[in-house]
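Each remark here refers to the structure printed beneath this line.
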Amino acid sequence: MSNVFIAFQHNEESRPVVDAIVADNPAAVVVHSPGLVKIDAPNRLQIRRATIEEQTGRPFDLQQLHVNLVTLSGYIDEDDDQLTLSWQH
């Protein structure tokens, strides 16, 4: 089993996204570094638009993730409602 990960700039815009990812992925591990927050998960990581909207209390377009995205690892499966990183394709 290999880890997938996603990393964002560590700022106020990323905070609710990170909180939503952790809520949807109980096995995820968050690592804070100066200016960066990285989320590792075994084999799969799911980012759901609905959960981010619950965290922010407003509509969210998943394309907004790219503004603060630094890097990621894994195969990407993306639509309007979710982005999934995994090593299965």
Side-chain angles (χ1 to χ4, degrees):
M1 185 180 319
S2 297
N3 280 355
V4 295
F5 70 83
I6 191 164
F8 297 98
Q9 294 175 21
H10 192 249
N11 58 34
E12 284 302 309
E13 292 176 11
S14 297
R15 186 182 48 77
V17 173
V18 172
D19 291 345
I21 293 170
V22 170
D24 286 338
N25 299 276
V29 175
V30 179
V31 178
H32 294 274
S33 301
L36 182 80
V37 58
K38 181 181 174 204
I39 306 157
D40 289 290
N43 220 29
R44 179 184 164 110
L45 184 75
Q46 187 173 36
I47 303 170
R48 296 179 53 241
R49 178 187 50 80
T51 308
I52 297 171
E53 290 177 345
E54 289 171 11
Q55 294 288 329
T56 62
R58 59 183 167 76
F60 188 85
D61 182 343
L62 278 181
Q63 293 299 308
Q64 291 174 254
L65 290 176
H66 298 282
V67 173
N68 294 296
L69 179 66
V70 175
T71 189
L72 53 81
S73 175
Y75 294 111
I76 302 168
D77 183 16
E78 182 178 21
D79 61 30
D80 291 340
D81 295 320
Q82 67 183 13
L83 182 148
T84 303
L85 296 173
S86 70
W87 287 117
Q88 302 169 358
H89 59 94

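What you see is a predicted model, and the numbers here were worked out from it, not measured in a lab.
Residue Leu62 comes nearest to Leu83 through the heavy atom pair CD1-N, 3.9 Å, listed as atom of the first residue, atom of the second, then distance. Minimum interatomic distance between Arg44 and Asn25 (heavy atoms only, all atoms of both residues): O-OD1, 4.3 Å. Between Ala28 and Leu45, the shortest heavy-atom contact is CB-CD1, 4.3 Å. A pairwise comparison of heavy atoms in Glu53 and Pro59 identifies OE2-CA, 3.5 Å as the closest pair. Minimum heavy-atom separation, Leu36 to His10: N-CB, 3.5 Å. Of all heavy-atom pairs between Pro42 and Ala27, the closest is CD-O, 3.7 Å.
The hydrophobic clustering, which links ILVMFWY residues whose side-chain heavy atoms are closer than 4.5 Å, places Val37 and Phe5 apart.
Using a 4.5 Å heavy-atom cutoff, the side chains of Leu69 and Ile6 are in contact. Arg49 is not listed as a side-chain neighbour of Gln64, based on a closest heavy-atom distance of 4.5 Å or more. Contact annotation: the side chain of Ile47 never approaches that of Glu78 to less than 4.5 Å [non-hydrogen atoms, C-beta and beyond]. Residues Arg48 and Asp81 have side chains not in contact (no heavy-atom distance under 4.5 Å, counting atoms from C-beta outward). Val4 has its side chain out of reach of Tyr75: every pair of non-hydrogen atoms, C-beta onward, lies at least 4.5 Å apart. A 4.5 Å side-chain heavy-atom check between Ser73 and Trp87 finds at least one atom pair inside the cut-off.
Panel note: side chain Thr71, backbone Ala7; no donor-acceptor pair is recorded below 3.5 Å.
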**Request:** Start with the C-alpha gap between Gln55 and Val17, add the side-chain angles, then the distance that decides, and say whether side-chain contact (heavy atoms from CB on, under 4.5 Å) holds.
**Result:** CA-CA 8 Å; Gln55 294 288 329; Val17 173; over 6 Å; no

**Test log, rule side-chain contact (heavy atoms from CB on, under 4.5 Å), inputs Ile76 and Leu85** = CA-CA 5 Å; Ile76 302 168; Leu85 296 173; 3.6 Å; yes

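Rounding to the nearest 0.5 Å places CD of Glu12 at 11.0 Å from CG of Asn68. Atoms OG1 and CG, from Thr51 and Asp24 in turn, are 3.5 Å apart once rounded to the nearest 0.5 Å.
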